Every structure is written in C-alpha cells, then in structure tokens.
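Keep in mind that what you see is a predicted model, and the values were worked out from it rather than measured. Residue indices begin at 1 and follow the sequence shown. These numbers come from the heavy atoms of this one structure, side chains and all, not from hydrogens, waters or symmetry mates.
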Amino acid sequence: MKKIVLGTVLMAVPAFAANFIDQKIEIYTNSAYLVQKADIHNSNQIELTFDYKIRLPDLKLFLTPDKCSINSINEQKQNFSKLKKLENELTTKQNKIKSLKVELKFLENLKPDGNIQKLEDIGNRYFSLLEQISTLNKEIKSLKEKIIKLKSFSSFNLNLSCKNVSITSFVPVPVSAFQEYVIIGNTKENKIKIENNLYLKNGLDREFKNISLEYHSYKKTSAIGPPPFNFIPYKYSRKMIAESFSLPEKEYIKTETKSFFSVSNVDLPAKSETKINISTDTIPAKFEVFIDGYATVTPFLKAVFKTNKSFYPSSNSNFYIDGIYIGKWGVKFIEENKENQLFFGEDVFIDVSKIKIKDFEETSFLGKKIKTKKWKYILKNNHTHPVKVIIADKIPISTNEKLKIEPFSSLKWKKITPEGKILWEINLKPTEELNFEFGYKKVIKK
C-alpha cells in the first residue's frame, strides 16, 4: 500500500516555489477560468501562490506526464503578524494626518501682527505641513494596496509523486463577459457585416498583459451528462465600459464538440472594463420584404444568407441598414452552412393593407355547414428598384374527418405547410401595385 505523508512532516523538506505563467483565460457567459502553467524540476514539494483569494476545492490541477499524481495539498494560513503590522502602520499614519490638519487649522486662524519674519515662518510651516500630508496620503495608499493584496493572497503546499512535472492550474476568476453584435446591412452591395464585440470586466486587483482569451458564447455547465444535473444560471450586469488600446489577434476555432473565439494580445487592466472585437464577418445576402399577414401587415426588410461558422444568440445587437442606425434587437442562433435570416426593421416604401371582405356562414341542402372567410391584399412598391416580397398567412387545419378546410387564392401560392401556413412570393416592379384575394371554406359535415 502506498503511504501518503501528511501534516507537519510534509513541511520538513523546503518547498519549491512554483513560477506560474499565465496561459489564457477561458470565458463563458456564466463563468471564467484562469489557466496557468509551471514546470517543476527536481522537487516534489511544491508551493503554489496566488495573488487573489481562492478556495482549495476550486483549485483544479492537471499534471504532465500523467503517471504523476498529487499525494496531498495543504493550504497555508494567512500571515496575520505581517497583516497586523501593516494595519498598525496604516493607523499611525492616518492619526498623524489628523494631527497635522489640526495644526493647519490653527495656522489658518492666526491673526498676523505685522511682523514680516513671523509671516514668513508661518507660511513656510504651512506649506511644510501640506507636503507632509501629501506624502503621508501616498504612503497610506500604498499601505492599503499591500493590505488588500495580503488579504487576497492564497498559498498551497503540494506533495507530488514525482519530481519533474508540468502543472496546469484551472482557477475560477471574477472575469465576466458581455457579448454584443453590430449587424450592418448593405442593400446596394447585397451583403451584411456581423461585428462580434466582447465587453470584459476584470474584477481582480491585478492586471493581465497580452493575455490570450477563449470566449465560449454559451453557459458553462457543471454537468458532464444530460439532466437531472443542471447548471445554475448567471446574470451579468453591464456598467461603464473603457475602450481597449491593445491590438488583439483573433481566430475562430472549432473542435469535435465545441466552437469558440480565441483572441490573443489582450490587456485587461485591474478593476476595470474593456471592449474588444473578436470577429468581423462580411457575408453575401439576398434582401427581400417579409409580411406576416396573420400577425401584422407591417412590411419588414429581411436578409437571407449562409455563413461558414455559427453565431450564438445575443439579446443585445445593434442594427444598421445602409448607414442608418435602426435600433437594438436580439439575434437567434445563426447556424453554419444553413439558410439564416435577419430582419432590418420596417420598409416604409412598401404599402400593404389587408381587408376582410367576407365572413359568412351557410347551411347546404345536404345539411353541411359552410363557413367562408375571405380577405383582400393590396400592395404597392414605392421603391425605384424591383423588390421581392414574401407574404405569409395562416388558415385552420382539420382536426377530424367531419371538418374539411378548402383554401383558395386569386394569386397562386408557393406552398401550404401541414401547419396551415400559406406562403406567396411576389416580385414587384418599381411603382407596381398588386391586389389579390385569398381565404378558405370550412366545411362541417353532419
């Protein structure tokens, strides 16, 4: 049986301080992980230190080669004596400032008696006090930073089964991401541009320089298999954003089970927010007008397109069409190599109306009840160019043998789906006007 050394015996051998190097930050919409790596040579007693607070259960370590393993991990206690010394020093300097301010107030209230030398002495003393207060404030700021770092400091001692090993750590960090698309439509050149921007918030007191990011546009679930193991949703609150001045390099990566954006050379200042562009794609598109006559007769401009990569949903997307900002809207999942669509608001140069012209029920001599409904569509293209118009409407579907639905239209439809959705495709010339009638008969047998 393998014997594992624990407790104080572990500390008999001096621990080797692992020099961890930041590799990347993996960001999901509900969590983030800092990935660090250290190469250990000729020691199996390792000290891991982090300049932020981390719980032992949250520390995930991966060893290479895989024959190596961790015998034990002990968390080091915080250096309370050093912390107490810094806090006492801070209190002393704060009290010193209070004393100097009292003397300042006294000098301000002095009434000069006309003695020039006394006035100069008072003035010199006054400015000396101001300089002392300024110096103390700088020292207090430095002490507070040291205290914060010491309180946030975490340290662990590892006992390994081998002496030459590479350690990769996966540590949760308070770095959050907020994704936003900028969707730009160009009807003149028949294309759309999708700018994928990422707003990053670094909640740590440390900065990251030239770090690589992997952004996964979905929630990180703790489940390895399907339900009932569910993750806990995470909400991100967006605040003021500071623009990044780094020049990131971007790449879209697709693996066997996942796809994500990789961005390198990113700077994340401490306790601040940053915006970066993680991808910009220009995609050929066909523009047409879509009218959902069942819900509303508003004509909406729509782009139909295919793309060679997926875009995950985002509830915050800014839409532009031909250089005009039209508003903020959500984007559903955009699938690669499949026909997708995006809407760009109302097309005010298409006039459309739908009028009900018949709603009549009768009984035939055979006892059948026949209910007829009929509408009239009136369309006009006020553009100076041809426009393709798609109209969608709906009719009831039969639920039993005694009910029969008979649709009719003066304009040939493209198709009727099993769910009762009717589609028309119409090409309207400039200034062209088109009228047509459609409806259905609902025949109920005895």
A.B. asks: Keeping Asn202 on the side-chain end and Pro269 on the backbone end, is there a donor-acceptor pair under 3.5 Å?
C.D. replies: yes
A.B. asks: Less than 4.0 angstrom from a charged side-chain N to a carboxylate O is my criterion; do Lys421 and Glu419 meet it?
C.D. replies: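 Not counted as a salt bridge, because no side-chain N and carboxylate O are separated by less than 4.0 Å.
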A.B. asks: Please evaluate residues Asn318 and Ile183 with respect to the criterion side-chain contact (heavy atoms from CB on, under 4.5 Å), reporting the C-alpha separation (whole Å), side-chain torsions for both, the decisive distance (0.1 Å), and the verdict.
C.D. replies: CA-CA 6 Å; Asn318 292 298; Ile183 313 291; over 6 Å; no
A.B. asks: Run the salt-bridge test on Lys328 and Glu180 with the 4.0 Å N-O cut-off and return the result as yes or no.
C.D. replies: yes
A.B. asks: Determine the minimum heavy-atom distance between Phe344 and Ala303, stating which atoms define it.
C.D. replies: CE1-CB, 3.7 Å
A.B. asks: Between Val352 and Pro299, which heavy-atom pair has the shortest distance, and what is it?
C.D. replies: CG1-CD, 3.7 Å
A.B. asks: Within this structure, what is the CG-CG distance for the pair Leu411 and Leu379, rounded to the nearest 0.5 Å?
C.D. replies: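 Here the interatomic distance stands at 9.5 Å.
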A.B. asks: Supply the atom-to-atom distance Leu268 CG to Asn210 CG, rounded to the nearest 0.5 angstrom.
C.D. replies: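 The CG atom of Leu268 sits 10.5 Å away from the CG atom of Asn210.
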A.B. asks: Answer yes or no: is there a side-chain heavy-atom contact under 4.5 Å between Leu213 and Val175?
C.D. replies: no
A.B. asks: Below 30° counts as parallel, above 60° as perpendicular, anything between as tilted: where do the rings of Phe438 and Tyr377 land?
C.D. replies: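 Ring orientation of Phe438 relative to Tyr377: parallel.
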A.B. asks: Could you tell me which non-hydrogen atom of Phe319 sits nearest to which non-hydrogen atom of Tyr325, and how far apart they are?
C.D. replies: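 It is O-CD1, 3.4 Å.
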A.B. asks: Can Glu47 and Asn157 be counted as having a side-chain donor-acceptor contact under 3.5 angstrom?
C.D. replies: no
A.B. asks: Are Ile426 and Phe436 packed together at the side-chain level, in the sense that at least one heavy-atom pair is separated by less than 4.5 angstrom?
C.D. replies: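 Yes, at least one pair of side-chain atoms sits under 4.5 Å.
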A.B. asks: Counting C-beta onward and ignoring hydrogens, is there a side-chain heavy-atom pair between Thr274 and Asp267 closer than 4.5 Å?
C.D. replies: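 Counting from C-beta outward, Thr274 and Asp267 never come under 4.5 Å.
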A.B. asks: Give a yes or no on whether Phe349 atom CZ has more than 12 heavy-atom contacts from other residues, nucleotides or ligands under 6.0 Å away.
C.D. replies: no
A.B. asks: Check whether any side-chain heavy atom of Thr307 sits under 4.5 Å from a side-chain heavy atom of Ile334, and report yes or no.
C.D. replies: yes
A.B. asks: Side chains of Asn381 and Lys429, heavy atoms from C-beta outward: is any pair under 4.5 Å?
C.D. replies: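 Not touching, per the 4.5 Å side-chain cut-off.
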A.B. asks: To the nearest 0.5 Å, how far apart are CD1 in Ile184 and OG1 in Thr282?
C.D. replies: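 Interatomic distance, Ile184 CD1 to Thr282 OG1, rounded to 0.5 Å: 8.5 Å.
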A.B. asks: Measuring from Leu48:CG to Ile40:CD1, what's the distance to the nearest 0.5 Å?
C.D. replies: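 Spacing of CG (Leu48) from CD1 (Ile40) equals 7.5 Å.
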A.B. asks: Is the Phe290-Phe300 ring centre distance short of 6.0 angstrom?
C.D. replies: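 So the answer is no for these two rings.
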A.B. asks: Atom NE2 of His385 and atom CG of Leu428: how far apart are they, to the nearest 0.5 Å?
C.D. replies: 11.5 Å
A.B. asks: Considering non-hydrogen atoms only, spot the tightest contact between Cys162 and Asn44 and give its length.
C.D. replies: O-CB, 3.5 Å
A.B. asks: Give a yes or no on whether Asn337 atom CG has more than 12 heavy-atom contacts from other residues, nucleotides or ligands under 6.0 Å away.
C.D. replies: yes
A.B. asks: Counting distance only, does the side-chain N/O of Ser410 pair as donor-acceptor with the main-chain N or O of Glu437 below 3.5 Å?
C.D. replies: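 Yes: the side chain of Ser410 pairs with the backbone of Glu437.
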A.B. asks: Decide if the gap between the ring center of Phe333 and the ring center of Tyr312 is smaller than 6.0 angstrom.
C.D. replies: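 Yes; Tyr312 has its ring centre under 6.0 Å from that of Phe333.
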A.B. asks: Glu195 vs Lys193, test: salt bridge (charged side-chain N to carboxylate O under 4.0 Å, His left out). Steps then yes/no.
C.D. replies: CA-CA 6 Å; Glu195 295 179 2; Lys193 184 166 75 170; 3.5 Å; yes
A.B. asks: Leu61 and Ile73: side-chain contact (heavy atoms from CB on, under 4.5 Å), yes or no, with the steps?
C.D. replies: CA-CA 11 Å; Leu61 301 175; Ile73 305 179; 4.2 Å; yes
A.B. asks: For Phe408, is the CZ atom crowded, meaning more than 12 foreign heavy atoms sit under 6.0 Å from it?
C.D. replies: yes
A.B. asks: If you count heavy atoms of other groups shown closer than 6.0 angstrom to CH2 of Trp413, is the number above 12?
C.D. replies: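 Check passes, neighbour count above 12.
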A.B. asks: If you apply the rule side-chain contact (heavy atoms from CB on, under 4.5 Å), what do you find for Lys309 with Asp281, and how did you get there?
C.D. replies: CA-CA 10 Å; Lys309 69 181 181 184; Asp281 297 88; 2.9 Å; yes
A.B. asks: Side chain of Thr135, backbone of Glu131: donor and acceptor closer than 3.5 Å?
C.D. replies: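 Indeed, once roles are kept as given, a pair shorter than 3.5 Å links the two residues.
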A.B. asks: Flag the pair Tyr33 / Lys60 as yes when at least one side-chain heavy-atom distance between them is below 4.5 Å, and no otherwise.
C.D. replies: no
A.B. asks: Please tabulate, one pair per line, all N/O donor-acceptor pairs under 3.5 Å involving side-chain atoms of residues 400-407, not counting sequence neighbours.
C.D. replies:
unit_1	atom_1	unit_2	atom_2	d
Asn400	OD1	Lys402	N	3.0
Asn400	OD1	Leu403	N	3.1

A.B. asks: Would Asp359 and Lys371 satisfy side-chain contact (heavy atoms from CB on, under 4.5 Å), going step by step from the backbone distance to the final call?
C.D. replies: CA-CA 7 Å; Asp359 189 351; Lys371 187 169 185 178; 3.6 Å; yes
A.B. asks: With rounding to the nearest 0.5 Å, note down the distance linking CZ in Phe156 to CG in Leu59.
C.D. replies: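 The CG atom of Leu59 is 5.5 Å from CZ of Phe156, to the nearest 0.5 Å.
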A.B. asks: Please tell me if the side chains of Trp424 and Asp393 come closer than 4.5 Å, counting only heavy atoms from C-beta onward.
C.D. replies: yes
A.B. asks: Are the side chain of Lys394 and the backbone N or O of Tyr294 linked by a donor-acceptor pair below 3.5 Å?
C.D. replies: no
A.B. asks: Quick check: does any side chain N or O of Ser161 sit under 3.5 Å from a backbone N or O of Ser69, one acting as donor and the other as acceptor?
C.D. replies: yes
A.B. asks: For Ser166 versus Asp39, what's the shortest heavy-atom pair and its separation?
C.D. replies: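 Result for this residue pair: OG-OD1, 2.6 Å.
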A.B. asks: Salt-bridged, Lys302 to Glu288, with N to O below 4.0 Å?
C.D. replies: yes
A.B. asks: Over all heavy atoms of both residues, which pair between Tyr215 and Gln179 is shortest? Give the atoms and the distance, please.
C.D. replies: OH-CB, 3.4 Å
A.B. asks: With a 4.0 Å cut-off on N to O distance, would you call Glu26 and Lys24 a salt bridge?
C.D. replies: yes
A.B. asks: Less than 4.5 Å apart, side chain to side chain, heavy atoms only: is that true for Lys37 and Ile21?
C.D. replies: no
A.B. asks: Mark yes or no for whether Thr91, through its side chain, and Glu87, through its backbone, hold a donor-acceptor pair below 3.5 Å.
C.D. replies: yes
